[in-house]
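The structure appears right after this line, and notes come after that.
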Amino acid sequence: MDSLKKLKRFSKIVSVLSKYGFEEILSRGSDFLHNEPTNEIFNANFNQRFRLVLEELGPTYIKFGQLLSNRKDLVPEALIEELKKLQDNVPPEEIDIRQKIKDEFDINPDEHFLTIDELPFAAASISQVYRATLLNGEEVIFKVKRSNIQKIIESDLALIRDIIHFLEKKYEKLQKLFVSEIEKSFENSIIKELSLTNELQNIERFRKNFENSKDVYVPKTYPDYSNNNFLCMEFIDGYKVNDVEKLQELGLDPKKIVQKGFDIYLKQLLEDGFFHADPHPGNIFILKDGRTVFIDFGSMGILAINEKEALENVVIDFGLKNPKRIVRSLKKMAIKHFIDNEKQLERDIADIFDYLEYNTVDTIEVQVIIKKFNHILHNNHVLLPEYVYILMRGIALIEGIGQQLHADLNVQRSMRPYAIKLARQKFHPKYLSKKAIDNLKDVQDLINDLPEDTLKLIEKINHDKLAMNFKINEIDHIEKLMKDSINKIVLAILTLTFGIGASMLANTNVRPMILDMPLLSWVGYLLSVFTAGCIIILVFRKK
């Protein structure tokens, strides 16, 4: 980013901070540009003024504030409540939509559309939305990216990075708040949201995941009229999910709608690993036939296979009330952590179990559980991947919809069938065989790398690059120890061979079969267990 542009943008930030009465901040870093706050601003509290600053600074800061409103582990409750009021609605930009279509797609709009509204019916900080009608009578919307929004956001992101880098250097405590990691996550998220091509791909992926569903309708897209700056999709003639009166007029049961919506969200999360990042009432519609429609696919939560498995393990461990395993899973999931006392962390998690045990099903609130969990993460300096915070917010939003519809949605009870299903899958022979293959391959890689790693170690010793802090006094004992180690490695290789062979056979239909697995597979597993037992015996003999 050009230094002059950075300076201009920084000057704007200083000016806005001064306008809203943040002289105490400016006095520590810069005391140029001063505006006298108006009485209205002066009467507002800190949290209100902070929200007004973000709104005036524009889309990047609005989005960042919205991200912070999800981080109860970092931001005080009072500020979170104020940040939730951040409005993404801004005055529409004057765009000649017909000329824009002509320029973007090199077509005559009159030859493709019956009507195109000249004014947008919705305007947000990144894009604005127009209605149109195709020649065949289908009603569509155009989501159009604002002019120069890409450059504005990229400039803001560069400046935010510089500010955070400066503050972390000056205040070491900020490093334990993971501000840099949060900024990186935010940057990835907003850059994806800037790409309307990415949103089109998200819609098509979502459609594929629900192609056999009778409960979900996914809006049709029109790739011929879509690119990175334009997204053309079907206009949804439905009703907001929290419009109780309209739903009742249609003869739809609010309780069934909420329960169905929660089941749909859990499928996205636990089966697909691809879920809507912002399921608030404005993004969920109900059609007249009762089907659910999600809109706005610019930001989606995505789980890699290992992340999905880690999340599944946490769900199962919560069901089994096993704090130690949950701590282990959290450490594996964490991007960074500074856990000072694991025992205390286990006790903190056990407090959540106490809350679940000593409250009735009808009085348990997901918001309370999330608040406790965020408090635990903050106290133990644990930074989890962004998808964890997104899904916690999503579940809380859906519970909130249930409360608005008076549907008495019980999240814990609703999740129980999924937890049972996950547990069954985890202990199914085919899943265990697949995990065995993966684990055995890891062991095989370790064994294969051992000679090379040993040679590297010897090379370092020969070149005096490795400091040795012990004396070799018993060469004979060490020689015997090496022979024993080789024997164990040989047995380990045999264990690996039998295990992999058995696991490969487990996924075939070679007869005879026992409990849906070939007999030869069972024999392989038994031999693998036997050789593993020999290793254990050798280990314990040396103790």
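Here the side chains of I376 and D351 are not in contact, with every heavy-atom distance at 4.5 Å or above. Residues F206 and V216 form a side-chain contact, since some pair of their non-hydrogen atoms from C-beta on lies under 4.5 Å apart. Residues F294 and I264 have side chains in contact (heavy-atom distance under 4.5 Å, counting atoms from C-beta outward). Contact of the I141 side chain with the I236 side chain is not registered, since no non-hydrogen atoms from C-beta on lie closer than 4.5 Å. Side-chain contact between I149 and P59 is present, with at least one heavy-atom pair separated by less than 4.5 Å. Contact of the P281 side chain with the V241 side chain is registered, since non-hydrogen atoms from C-beta on lie closer than 4.5 Å. Under the 4.5 Å side-chain criterion, counting only non-hydrogen atoms from C-beta, L57 is not in contact with D156. No side-chain heavy atom of L266 sits less than 4.5 Å from a side-chain heavy atom of E271.
The distance from the CD1 atom of I349 to the NZ atom of K372 is 13.0 Å, given to the nearest 0.5 Å. Between atom CZ of residue F285 and atom CG of residue D243 there is a gap of 10.0 Å, rounded to the nearest 0.5 Å. Interatomic distance, CD1 of I401 versus CD1 of I284, reported as 4.0 Å (0.5 Å rounding). I257 CD1 to L252 CG: the interatomic distance, rounded to the nearest 0.5 Å, is 4.5 Å. Atom-to-atom distance recorded for L196:CG and Q201:CD is 11.5 Å, nearest 0.5 angstrom. In this structure, the separation between CG on N188 and OG on S299 is 11.0 Å, given to the nearest 0.5 Å.
Pairing each heavy atom of N202 with each of G298, the nearest pair is ND2-O, 4.1 Å. Of all heavy-atom pairs between I203 and F297, the closest is CG1-CD1, 3.4 Å. Scanning both residues, M233 and P219, for their nearest heavy atoms gives CE-CB, 3.6 Å. For the pair P385 and I335, the tightest heavy-atom approach, listed with the atom from each and the gap, is CA-CD1, 3.7 Å. The two residues R146 and A123 come nearest to each other via the heavy atoms NH2-CB, 3.9 Å. Across all non-hydrogen atoms, the minimal contact from E82 to N47 is CG-O, 3.2 Å.
No donor-acceptor pair under 3.5 Å is formed between the side chain of D272 and the backbone N or O of F274. Of the possible polar contacts, one joining the K267 side chain to the N209 backbone as a donor-acceptor pair under 3.5 Å is found. Judged purely by atom type and a 3.5 angstrom limit, Q268 uses its side chain to pair as donor or acceptor with the backbone of H276. Not a single donor-acceptor pair under 3.5 Å links the side chain of H337 to the backbone N or O of L384. Panel note: side chain H381, backbone K336; no donor-acceptor pair is recorded below 3.5 Å. Within the 3.5 Å criterion, the main-chain N or O of L194 finds a donor-acceptor partner in the side chain of K145.
For S195, the side-chain hydrogen bond (donor to acceptor under 3.5 Å, both in side chains) partners two or more places apart in sequence, or in a different chain, are N228. By the salt bridge (charged side-chain N to carboxylate O under 4.0 Å, His left out) test, K220 pairs with E138, sequence neighbours left out.
Between K246 and E249 a salt bridge is recorded (basic side-chain N to carboxylate O distance below 4.0 Å). A salt bridge links R51 with E55: the distance from a Lys NZ or Arg NE/NH1/NH2 to an Asp or Glu carboxylate oxygen falls below 4.0 Å.
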Practice prompt. Before giving the answer on side chain to side chain donor-acceptor pair (under 3.5 Å), spell out for Y217 and E234 the whole-Å C-alpha distance, their side-chain angles and the decisive distance to 0.1 Å.
Written response: CA-CA 11 Å; Y217 181 78; E234 177 184 359; 2.8 Å; yes
Fill in: CA sep, side-chain torsions, deciding dist, call: I153, I191, side-chain contact (heavy atoms from CB on, under 4.5 Å)
CA-CA 9 Å; I153 287 179; I191 286 174; 5.8 Å; no
Fill in: Worked verdict on K324 versus K343 for side-chain contact (heavy atoms from CB on, under 4.5 Å)
CA-CA 8 Å; K324 184 171 285 189; K343 290 296 181 184; 4.1 Å; yes
Practice prompt. Give the C-alpha distance, both sets of side-chain angles, the deciding distance and a yes or no for side-chain contact (heavy atoms from CB on, under 4.5 Å) between D237 and E139.
Written response: CA-CA 9 Å; D237 185 16; E139 292 189 72; over 6 Å; no
Discussion item. Let's go through R207 and E204 carefully: what are the C-alpha distance in whole Å and the side-chain angles of both, what is the deciding distance for side-chain contact (heavy atoms from CB on, under 4.5 Å) to 0.1 Å, and is it a yes or a no?
Written reply: CA-CA 5 Å; R207 186 192 318 284; E204 293 309 314; 3.0 Å; yes
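Other residues, nucleotides and ligands contribute more than 12 heavy atoms inside 6.0 Å of the CZ atom of R291. No more than 12 heavy atoms of other residues, nucleotides or ligands sit less than 6.0 Å from atom NZ of K240. For CD of E245, the number of neighbouring non-hydrogen atoms (other residues, nucleotides, ligands) closer than 6.0 Å is 12 at most.
Checked options D348, N341, D340; the residue passing with N380 is D348 (criterion: side chain to side chain contact (heavy atoms under 4.5 Å, CB included)).
Both the sub-6.0 Å distance and the 45° axial angle are not jointly satisfied by K308 relative to the ring of Y387.
Aromatic rings of F230 and Y225 (six-membered ring for Trp) have centroids beyond the 6.0 Å cut-off, not under it.
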